[in-house]
Amino acid sequence: MHIRSANFQISAPSLAACPASKLPEFAFIGRSNVGKSSLLNMLAGGKDLAKVSATPGHTQLINFFGVNNTWTLVDLPGYGFAKTVKKSAPDPFQEMIAGYIEGRANLACVFVLIDSRHPPQRIDLEFVEWLKKGPAPFVVVFTKSDMAKANLVKTNIELFEGKLAESREELPRVFTTSSKTRSGRAELLGFIEEALA
Ligand code: GDP
């Protein structure tokens with residue numbers, strides 16, 4: 001898929017504030033520093049779209065970018081830093097993410113970003129386990145593959161899949177990417193194109 005245009009539309013603090021749109025949405029999420037901004041910019045072809053969301057203080061918003069006037073790229077806030085909230089209290093941050101993923105009618109697919117340099121991390125596994133129970137289709141995207149030896153990346157992916165296989169036979173589709181070398185870009189955009197067809 002050729003990216004002709006990718007334009008920031010709006011930031012929303014909750015599901016209720018998300019724009020009314022019927023275009024299919026492809027949402028990206030992962031823990032902070034996983035390489036999400038870099039990946040989104042790489043996918044957009046260097047259009048620097050995630051810059052908007054990188055402004056401090058604006059990171060806990062859902063950011064919408066219209067692509068080619070046919071689909072919407074959704075930048076979800078990074079999970080894994082709202083840990084100071086007491087367990088008993090409702091966490092508005094997690095509620096925003098859950099609200100969007102469980103409640104957005106035109107959500108086509110969630111891309112869960114995982115740092116390929118590390119063995120499976122509990123927070124990522126917990127998030128994927130939560131996704132599995134919900135209605136949204138999702139795939140797993142391993143990031144920063146240029147930063148580790150190919151063998152280590154392969155091992156980490158296999159370990160992650162092994163963990164997921166413990167509770168479900170059918171594994172989600174997996175992509176391996178690097179924002180630096182742009183590897184995985186054609187595969188991800190091809191996947192989106194197929195989903196749109
Ligand atoms: P975010 O917090 O998830 O948006 O992560 P960023 O995209 O800001 O990336 C965090 C850091 O990792 C930055 O210093 C990036 O330059 C670096 N980074 C992200 N992706 C890659 C990648 O694929 N390869 C390399 N070499 N560095 C990356």
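All values below come from the heavy atoms of this structure, side chains included, with hydrogens, waters and symmetry mates left out. Whatever order the structure lists them in is the order used to number ligands and atoms, beginning at 1. All of these numbers come straight from a predicted model, not from anything done at the bench.
- Residues passing the salt bridge (Lys or Arg N to Asp or Glu O under 4.0 Å) test with K154, sequence neighbours excluded: E158.
- Residues satisfying the side chain to side chain donor-acceptor pair (under 3.5 Å) criterion with D115, sequence neighbours excluded, are R117.
- Looking at Y100 and E25, their side chains do bring a donor and an acceptor atom within 3.5 Å of each other.
- Looking at residues two or more places apart in sequence or on another chain, you find a salt bridge (Lys or Arg N to Asp or Glu O under 4.0 Å) between E129 and K132.
- With 3.5 Å as the limit, one finds a donor-acceptor pair spanning the side chains of R104 and N106.
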| said: I'd like to know whether F175 forms a ring pair (Phe, Tyr, Trp, His ring centres under 6.0 Å) with F191, so could you lay out the CA-CA distance, the side-chain angles of the two residues, the decisive distance to 0.1 Å, and finally the verdict. | reply: CA-CA 10 Å; F175 296 90; F191 173 81; 5.5 Å; yes
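- Annotation: ligand 1 has protein neighbours N33, V34, G35, K36, S37, S38, K144, D146, M147, S178, S179, K180, each with a heavy atom less than 4.0 angstrom from the ligand.
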